[in-house]
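A short worksheet on the structure shown next.
In listed order, ligands and their atoms are each counted from 1. Excluded from the calculations below are hydrogen atoms, water molecules and symmetry mates; all remaining heavy atoms, backbone and side chain alike, are included.
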Amino acid sequence: MYKIMTPGPVTVRQNVRDARSLATTNPDMDPEFVEFYKETCDMLGGLMNSSGDTYILGGEGILALEAACASLTEKGDRVLVIDNGLFGKGFADFIEIYGGEPVFFTSDYRKPIDVSELEAFLEKSSDFKYATLVHCDTPTGVLNDISEICPLLKKYNIMTVVDSVSAMYGEPVDVDASGIDILCGGSQKALSAPPGLATLCVSEDAKKAMNNRKTPVASFYASIPAMMTYYEDKWFPYTMPVSDIMGIRVALENVKNDKDILARHAEIAEATRKAVEKSGLSLYLEEGFANTVTVIELPDGLTDEVLLRTLREKHNLLLGGGLGDFSGKVFRIGHMGENATVENMVETMKALDSTFAELGYPLDVSLEEEFKKNI
Ligand SMILES: *Cc1c(COP(=O)(O)O)cnc(C)c1O
């Protein structure tokens with residue numbers, strides 16, 4: 001087995017794996033399952049300080065993004081797509097599929113969204129039903145300040161769909177304080193359960209907008225309204241993945257019991273960045289570093305394919321490569337959730353030290369030593 005220090009899926013703790021192997025029930029017929037499901041959703045909502053409704057859907061994080069767009073968009077709706085990364089830009093596809101009209105606010109991919117620039121844009125144009133934005137855009141690791149951006153959009157009566165799939169549980173999120181209308185998450189990032197579940201925290205305003213639709217949602221599986229009355233009706237629109245839910249419940253308990261989780265992410269990420277800068281390698285971003293993933297430029301002449309293969313074959317270690325336009329230009333360390341421990345990072349840095357040396361790109365100083373100095 002490889003050590004997976006990728007920006008999702010991440011390492012899964014034994015107690016989560018154990019929970020997934022327990023005897024299962026028929027989730028459609030067993031009244032206790034509805035209670036268990038609701039408690040699990042409420043626990044997630046509590047961790048995110050969301051007083052609205054929370055749903056856990058069978059399907060990876062992408063389903064949360066699609067369900068949010070499917071459920072809010074009606075034909076001709078103008079939607080603001082806040083784009084400073086691949087996931088940010090990608091929201092436009094969902095909006096178009098469901099008949100909406102995406103309007104881009106695009107900015108430098110090496111920096112977080114500048115809130116005053118966004119405000120200047122909104123001064124001129126604010127006729128949008130909702131806006132989409134990404135908390136941590138994983139291909140670059142840029143972190144957008146949702147606690148500033150979402151309230152600003154609300155001031156202009158624009159609802160917000162936030163993709164925090166690769167940030168939540170590793171970066172602070174306060175749904176109520178920030179006025180987030182739909183918070184999208186997944187099981188396989190910092191929450192540290194296996195891939196397979198999408199999570200949604202949905203505000204009252206978002207529910208109202210869905211209930212006031214003139215046309216039905218153009219999807220069944222990606223419809224939030226289809227889930228809305230499950231508790232009153234004791235009926236799910238489709239059979240819930242019971243073992244996945246039992247696993248995510250324990251993963252949520254792990255997070256809840258881990259009082260230092262955010263501080264640990266911050267310390268590990270900071271020490272990683274310092275070590276990278278000292279070593280002579282370059283961080284991809286200029287500013288706005290997320291604490292869940294670090295994206296590092298490859299030295300001239302070295303491809304991510306060669307670096308990742310050597311790490312895999314000689315050190316049993318998986319890291320992330322470049323996605324989309326970043327393909328071949330960067331590699332990525334996912335230090336989120338269960339991956340975010342000092343031991344895991346020391347092992348990762350050690351493997352990188354010897355791999356860069358083996359490939360003929362010796363570093364100025366040892367990543368392992370620098371990381372240890374800063375932790
Ligand atoms: C991982 C991730 C998703 C979900 O993508 P999957 O392909 O379902 O894993 C969505 N948004 C961001 C920012 C992500 O990092």
For this session: Note the single closest protein heavy atom to atom 2 (C) of ligand 1, along with its residue, its atom name and the distance in Å.
Result: Lys189 NZ, 2.5 Å
Problem set entry | Shortest protein heavy-atom distance from atom 8 (O) of ligand 1, along with the residue and atom involved | Glu60 OE1, 2.8 Å
Exercise. Purely on distance, is any nitrogen or oxygen of Val134 under 3.5 Å from one on ligand 1?
Worked result: no
Exercise. Under 6.0 Å from the six-membered ring centre of Tyr230 and within 45° of its axis: does the NZ or CZ of Lys234 meet both?
Worked result: no
Problem set entry | Shared hydrophobic cluster for Phe356 and Leu311 (ILVMFWY, side-chain gaps under 4.5 Å) | yes
Exercise. Do the side chains of Met159 and Leu153 get nearer than 4.5 Å, heavy atoms only?
Worked result: no
Problem set entry | Rounded distance [0.5 Å steps], OG in Ser279 versus CD1 in Ile296 | 7.5 Å
For this session: Could you see which bit of Val165 sits under 4.0 Å from ligand 1, with heavy atoms only: side chain, backbone, both or neither?
Result: side chain
For this session: Could you tell me the separation between the CD atom of Glu270 and the OG1 atom of Thr294, rounded to the nearest 0.5 Å?
Result: 10.0 Å
For this session: Tell me, please: is His135 in heavy-atom contact with ligand 1, that is, under 4.0 Å?
Result: no
Seminar exercise, completed: Numbered in order shown, the ligand 1 atoms found under 4.0 Å of a heavy atom of Gln188 are 6 (P), 9 (O)
Problem set entry | ligand 1 contact by Asp163, heavy-atom criterion under 4.0 angstrom | yes
Exercise. For the hydrophobic clusters of this structure (ILVMFWY residues joined by side-chain heavy atoms under 4.5 Å, transitively), does one cluster hold both Leu191 and Met43?
Worked result: yes
For this session: Within a distance under 4.0 Å of any heavy atom of Thr138, pick out the atoms of ligand 1 and give their elements.
Result: 12 (C), 13 (C), 14 (C), 15 (O)
Problem set entry | Non-hydrogen atom of Cys136 closer than 4.0 Å to ligand 1 | yes
Exercise. Is there side-chain contact between Asp181 and Val202, with heavy atoms separated by less than 4.5 Å?
Worked result: no
For this session: Identify, by atom number and element, the atoms of ligand 1 in contact range of Ile62, meaning under 4.0 Å from any of its heavy atoms.
Result: 4 (C), 5 (O), 6 (P), 7 (O), 8 (O)
